[in-house]
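Input: a single structure, listed below in structure tokens.
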Amino acid sequence: MRKTILILFLAMLPSSMLCQEKPVIKMLTVTRVVASGLPTATLHIKPASNAAAINILIPASGDVDAAVANLPADSYAIVWQTTAAGENSKPEAVRVYTDAQAIAALATQTLKVSDDAAINGMLATDRLLSNTKAVYKRSLITTNFNIPIARFDAYKPEYNNGSLVSSAKGNVSLFSSIGAGFGISLGRATVSRNSEGKVIDEEFSNTLGFFLGVLYESGTGDNPKNVFAPTLSIAILDFQVGVGYEYGKIEANQERPFVTISYGIPIYKLFKTNHRVFLDSKGFPVSVEKL
């Protein structure tokens, strides 16, 4: 009796809850779905298991109250709708209640049909990732080239016979050398899939990174300059700020430690496989966009 009252109550919820982009699931249990959607569209319910999707034609009223089967209790199912023109709404993960759980949750006003954390997790392992662009948190061990934009070398005061000759604090040089290094990049990967769910494009953008490297330069002429300097840098996006220690030839009053600002060119942007992933949220993307 209580089950019948519950279903009648949910079925009477107004169709004004209709969402133009995705169906509104008012309740989903192991035996029944109460929802609203686009009239004449098809409501799809895909169980978390490998069972086939349940397809329900949404009537002209836009309200759905239908029996379902093969939905495992206390799990999540992926729900979306397809219009007559073949346009799919953005899929969402909806919790599947037992009838008793739904009644108890309604009585305590804790009925929650969708869960954002489950949405992306289920989409990540389901073939519904076809025609999608998914964003994942990812960490890489990678290499890069460095192009120093600016380098600051500190100077010691210069004296001649006890008299101060130069009190310059240092010198800034621009684009004076080149470098390379390796390190850890923490960022996000954007993965695009085609209609068959196969990856067709994958891009990684660094958010924060830590790199060890070396700057080098060799010159000839009357005043040759030789640079060989290990560096330790922090990268924000593709810009790096770091410190180094010069082992090459320096001026008499120049300090060997220096500060550098450089632009990093990650090798993985040139060669997609020239990196190693050691941490990946592959099962739980940050977002999934239906293309």
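Considering only residues two or more places apart in sequence or on other chains, T207 meets the side-chain contact (heavy atoms from CB on, under 4.5 Å) condition with none of them. Remark: A180 pairs with F145 by the side-chain contact (heavy atoms from CB on, under 4.5 Å) rule, at least two apart or across chains. Take T83 and apply the side-chain contact (heavy atoms from CB on, under 4.5 Å) test, not counting sequence neighbours, and it matches L38, A85, E87. Applying the side-chain hydrogen bond (donor to acceptor under 3.5 Å, both in side chains) rule to T82 yields the partners H44, N88; only residues at least two apart in sequence or on another chain are considered. Partners of L212 according to the side-chain contact (heavy atoms from CB on, under 4.5 Å) rule, which considers only residues two or more places apart in sequence or in another chain, are F182, L232.
Proximity of a side-chain donor or acceptor of S233 to a complementary backbone N or O of F211 within less than 3.5 Å is not detected.
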For residues 235-248, please give each side-chain donor-acceptor pair under 3.5 Å, one per line with the distance, not counting sequence neighbours.
from	atom 1	to	atom 2	distance (Å)
D238	OD2	K269	NZ	3.1
Q240	NE2	N146	OD1	3.4
E246	OE1	R151	NH1	3.2
E246	OE1	R151	NH2	2.9
E246	OE2	F228	N	2.9
E246	OE2	G248	N	2.6

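Here the OG1-CG distance, from T190 to D201, works out to 9.0 Å after rounding to the nearest 0.5 Å. A distance of 11.0 Å separates CG in L28 from CZ in R95, rounded to the nearest 0.5 Å. One finds the CD1 atom of I267 at 4.5 Å from the OG1 atom of T143 (value rounded to the nearest 0.5 Å). To the nearest 0.5 Å, atoms OG (S36) and CG (D65) are separated by 12.0 Å. Here the straight-line distance linking atom CD1 of I234 with atom CG of L208 works out to 7.5 Å at 0.5 Å rounding. Separating the OH atom in Y136 from the CZ atom in R188 is a distance of 13.0 Å, to the nearest 0.5 Å.
Taking every heavy atom of both residues into account, T42 and L57 meet most closely at OG1-CD1, 4.2 Å.
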